[in-house]
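Chain letters run A, B, ... following the sequence lines, proteins first, then strands; residues in each count from 1.
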Amino acid sequence: MADVKSGDIVVPGDQLCVIEELMPSYGTYENDGVVYAATFGECKIDMKERVIRVVNPDGSMQIALPVKGDIMMGQVTNAYDQRVEVSIVKRNGEDILNPFIGEVHISNVTRRFIKSMLDVMQPGDIIRAVALNTHEIPVQLSVVGPEFGVVFAKCRKCGDPLILTTHNNMICPRCENRETREVASDYGVMFGLEVRPDLAPRRRHYRRTGGGNSRSYPPRGGRRNDRPRYGSQGRSDSRRGGRRSPRHDRGRR
Amino acid sequence: MSPEVKPDFLINAEGLRIDGRRPDELRPIEFKVGVLKQADGSAYIKQGKTFIIAAVYGPRELHPRHLTLSDRAYLRVVYRMATFSVPDRKKPAPSRREREISMVIANALKPALFLEDFPKAVVDIFIQVIQADGGTRCAAINAASLALADAGVPMKCLVPAVAVGKADGTLIVDLGDQEDKYGEGDVPMAIMPLTDEITLLQQDGSFTREELLEAMQMGIQACKYIHELQKDALMKAYATKAPSEDDDFDDDMETDLGEAEIIGEED
């Protein structure tokens, strides 16, 4: 079997085994059919996968780059329609010495449909996300899952911290500006922000006058993001609205 | 400090050098890995009176961006001498010599590294000479390759380096400052011991063909010895890293299992 066993300490250049015995993985390389150590650390042999790797005593990689599954924290630096750029400062709860850039694509935000990245993240937001690739710059991030997402956001108009009202809906306590974010389950906890469901956008009560299409909302300062979207906005909505309005008028009278 | 005077001889009647070494004897070398807290990897080397600290940062994002290479990482080496590292105060501005040595060290380390695994990134190596007594470029390569290993940058093998020279017609290994200055020439060299490839070979002064070949043989022997020292230093660094974590873990287990039961029974 291999020249080394699990737990042996190796330094770069040590011969580990031949390629027929075990496949090279992290911290190893293969040359001319022989597997050598590429980093220094402890040998870990996985007989199930038939893989050999060189890692730290706790099983982590020594190298200062994120691996898949690491939980990263950072600040959104730029937001575009399809993606946002994140400046990462924490990895698995520890400050990283060399901040680097991450990226969240619109497909890695939620399982639901979102129209634009700007509806779920804005520059300046602090987010928690999970790394999707190993040892790559920029690192691809995902915020799918309840514990990932925005943990702190500021009002776009006045800069005050936003308060969470209900699911993903935010309000600025100072200027009453309403915004939306893809929030983590512990939004604002680290920053002492409370959840204020009482500030949620109020809905008008249902009027069961027509067949199912009687949902309507009070006009609220023209903020598009305030109302949950049902179907597509715009043309089809306005057409339906035109048909609906006489019925509502009758009901109010 | 009194001005230096040229010694009357570099090799005395018994065939020993001015510091009492045999011609093929290295100065005492001490390595230590993981000396800096903020760096991803670090190491120092004490080789006689030479004292050098090397720090590795990265792989990390490369700024300025226009330097990025799309197929491999960029290796950026900065070799600096402290103003107090030499008898005459060295001017703090980066000199021509420092830039040259930075480039030479980068070229000596590059063949051993798997830079193509990290496209668009940079590996920064900062080398600070605290005290210089000859052979700083070779000592710097030794320390830098240890710091790279400490940072977890994948590499084919460590890169030991040593200078071979000629003084009073005798080939000598690991030149000191005076031997470097007043000797007849020196040949700094670095090798990859795994494959016996030479990654650095420079020459200063004049050597005959036979002398150069013999000098290189001596250098390779010395490099292999230094390589063993480097490996020991890494092993030592790992030994100090590993047991402390194990101890903590054991303590937790004992307290949890033992005391909880006893308290339960007494109540």
- What is the distance from atom NZ of B:Lys231 to atom CD1 of A:Ile9, rounded to the nearest 0.5 Å? 13.5 Å
- Rounded to the nearest 0.5 Å, how far apart are CD of A:Gln62 and CG of B:Asp40?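 Reported value, rounded in 0.5 Å steps: 8.5 Å.
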- Can you establish whether the number of heavy atoms outside A:Glu194 located under 6.0 Å from its atom CD is more than 12? no
- Task: Verify the neighbour count for atom OH of A:Tyr80: are there more than 12 heavy atoms of other residues, nucleotides or ligands below 6.0 Å?
- Result: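 Enclosed: over 12 neighbouring heavy atoms sit under 6.0 Å from OH of A:Tyr80.
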Compare every heavy atom of [Y] with every heavy atom of [X], then report the nearest pair and how far apart it is.
X: A:Pro57; Y: B:Tyr238; result: CD-OH, 3.1 Å
X: B:Cys157; Y: A:Gly13; result: CB-CA, 3.9 Å
X: A:Ala38; Y: B:Phe114; result: CB-CE1, 4.3 Å
X: B:Pro59; Y: A:Leu65; result: O-CD2, 3.4 Å
X: A:Asn98; Y: B:Tyr57; result: OD1-CD2, 3.9 Å

- Task: For B:Glu61 and A:Ile137, indicate whether the former's side chain and the latter's backbone hold a donor-acceptor pair under 3.5 Å.
- Result: no
- Task: For the pair A:Tyr29 (side chain) and B:Lys156 (backbone), establish whether a donor and an acceptor sit closer than 3.5 Å, ignoring hydrogens and angles.
- Result: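 Checked: pair present.
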Side chains of [X] and [Y]: closer than 4.5 Å at any heavy-atom pair?
X: B:Val153; Y: A:Thr39; answer: no
X: A:His135; Y: B:Phe118; answer: yes
X: B:Pro154; Y: A:Ile63; answer: yes
X: A:Phe40; Y: B:Leu158; answer: no

Check whether [X] gets within reach of chain B through its side chain, its backbone, both or neither, counting any heavy atom under 4.5 Å.
X: A:Phe100; answer: both
X: A:Asn56; answer: both
X: A:Ile101; answer: both
X: A:Val55; answer: backbone

Is it the side chain or the backbone of [X] that comes within 4.5 Å of chain A heavy atoms, both, or neither?
X: B:Leu234; result: both
X: B:Ala149; result: both
X: B:Ala39; result: backbone

